[in-house]
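Throughout, protein chains are lettered first and strands after them, A, B, ... in sequence-line order, and every chain is numbered starting at 1.
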Number of protein chains: 2
Amino acid sequence: MLGSLPSFARLVAELSKLPGVGGKTAARLAFHLLRTTDSDVEALADALLDMKRKVRFCSRCFHIAEEELCQICSDPGRESQRLCIVQEPQDLLAIERSHAYRGLYHVLHGALSPLDGIGPEDLKIPQLLQRLQDEQIEEVMLATNFTVEGEATALYLAKLCKEQGAKVTRLAHGIPSGSDLEYIDAGTVQQAVSGRREL
Amino acid sequence: MLGSLPSFARLVAELSKLPGVGGKTAARLAFHLLRTTDSDVEALADALLDMKRKVRFCSRCFHIAEEELCQICSDPGRESQRLCIVQEPQDLLAIERSHAYRGLYHVLHGALSPLDGIGPEDLKIPQLLQRLQDEQIEEVMLATNFTVEGEATALYLAKLCKEQGAKVTRLAHGIPSGSDLEYIDAGTVQQAVSGRREL
């Protein structure tokens, strides 16, 4: 039925590629966009291209940034002797929202998953080891997700970081097993940060 | 936290304007787009602008179209003496998917709603009356939604269309396919009982 509307059908197809957006939702979004003003649609298209042009990863911690270093790495007020390891930038944002941590971060961009063929070299683990050598890190706080892959990654990193002489802590249990940090409320994250324990 | 990332924050803000997309979903979509290839994001931005440039409304029935007339109005195989009235283009597509109707359409782009200040002049009702004068319409099938506004619009149009000499029908009201009677609301069951037909 959309065969005579190639531009509309193409927009529906492109929107369907977004995570959690099926064919019906894509059509609903496309009809909404059809009704909004030209300038609103142009603003969305421009925001897409502008984000893609400008956003990159911090060369030190691999959080998202628009400069060489992210906002946190370039903030002299952060406790540079503490390093929090997270899987994704979203997880970093969740910890920042808790206001319970003032150190630096290292974003792995994933977790170890041998079944999916994801090993240490596929994550930012070599860069983490380099930082442990180059920087004066006293504490490594492991904040990978409390999933099978996240726990395995935490155990793996605990061993490596201890070999480098750092004190290693893990976010306290209190965060339910099987959850993604990204979706946990700030209060729970705060409890987990203050209750972190040495491994 | 996204203060140092104006382009990312702007994309999240633009995505949040979409219906059914809250702040968290917008952030999730933005992170997804951050990870996809440049060409995928460019394809989405281009599809947005292209749709907005090309899609307009059929000058006869007000369905979406890329030409002066939509695919249905320009199809000589359709039964031009039948006219189905729907609220939105999406409703037209739902009827087309049923393959039960071969006539033409008229899209109102809304329903009467005095409380919201939506009267006949705010919908494509004047254009409908003009079509009833200009075209040889034998049957008007009212397919507005089965909501308070849709029913009121159907009643209003039934009166107007009968004055123009057309036979007026309404989509059957009853129990949907695949339902358990137990879970159907009393109003629908009442309609189904009073509209029962002999087998």
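- Between A:S7 and the options B:L49, B:V55, B:L48, a side chain to side chain contact (heavy atoms under 4.5 Å, CB included) holds for only B:V55.
- Closest non-hydrogen pair, A:A47 versus B:E14, comes out as CB-CG, 3.9 Å.
- Salt-bridge check for A:R35 with B:E88: passed, with a basic side-chain N closer than 4.0 Å to an acidic carboxylate O.
- Within 6.0 Å of the NZ atom in A:K17, the count of heavy atoms belonging to other residues, nucleotides or ligands exceeds 12.
- When all heavy atoms are compared, the tightest approach of A:P19 to B:R28 is O-NH1, 3.7 Å.
- The 12-atom threshold is not exceeded at CD of B:E67, counting heavy atoms of other residues, nucleotides or ligands nearer than 6.0 Å.
- Tracing side-chain contacts under 4.5 Å through hydrophobic residues (I, L, V, M, F, W, Y), one reaches B:V193 starting from B:I184; they form part of the same cluster.
- Using a 4.5 Å cut-off between side-chain heavy atoms of Ile, Leu, Val, Met, Phe, Trp and Tyr, with links allowed through other members, A:Y183 and A:V189 fall into different hydrophobic clusters.
- Atom CZ of A:F8 sits about 10.0 Å away from atom CD of B:E66, to the nearest 0.5 Å.
- Residues A:K52 and B:T36 meet the side-chain proximity criterion, which asks for heavy atoms closer than 4.5 Å.
- Residue B:K24 holds its NZ atom at 8.0 Å from CD of A:E182, rounded to the nearest 0.5 Å.
- Other residues, nucleotides and ligands contribute at most 12 non-hydrogen atoms within 6.0 Å of the CD atom of B:Q136.
- Only the backbone of B:A30 comes within less than 4.5 Å of a heavy atom of chain A; no side-chain atom from C-beta onward does.
- Residues B:I118 and B:F146 share a hydrophobic cluster, clusters being chains of Ile/Leu/Val/Met/Phe/Trp/Tyr side chains in contact below 4.5 Å.
- In terms of heavy-atom pairs under 4.5 angstrom with chain B, the leader among A:L29, A:I64, A:L18 is A:I64.
- Between chain B and the options A:L15, A:D46, A:T25, A:V12, heavy-atom pairs under 4.5 Å are most frequent for A:D46.
- Applying the 6.0 Å contact sphere to CD of B:Q190 captures no more than 12 heavy atoms from other residues, nucleotides or ligands.
- One hydrophobic cluster, built from ILVMFWY side chains closer than 4.5 Å, holds both B:I125 and B:V168.
- Atom CZ in B:R10 sits 5.0 Å away from atom CG in A:D50 (nearest 0.5 Å).
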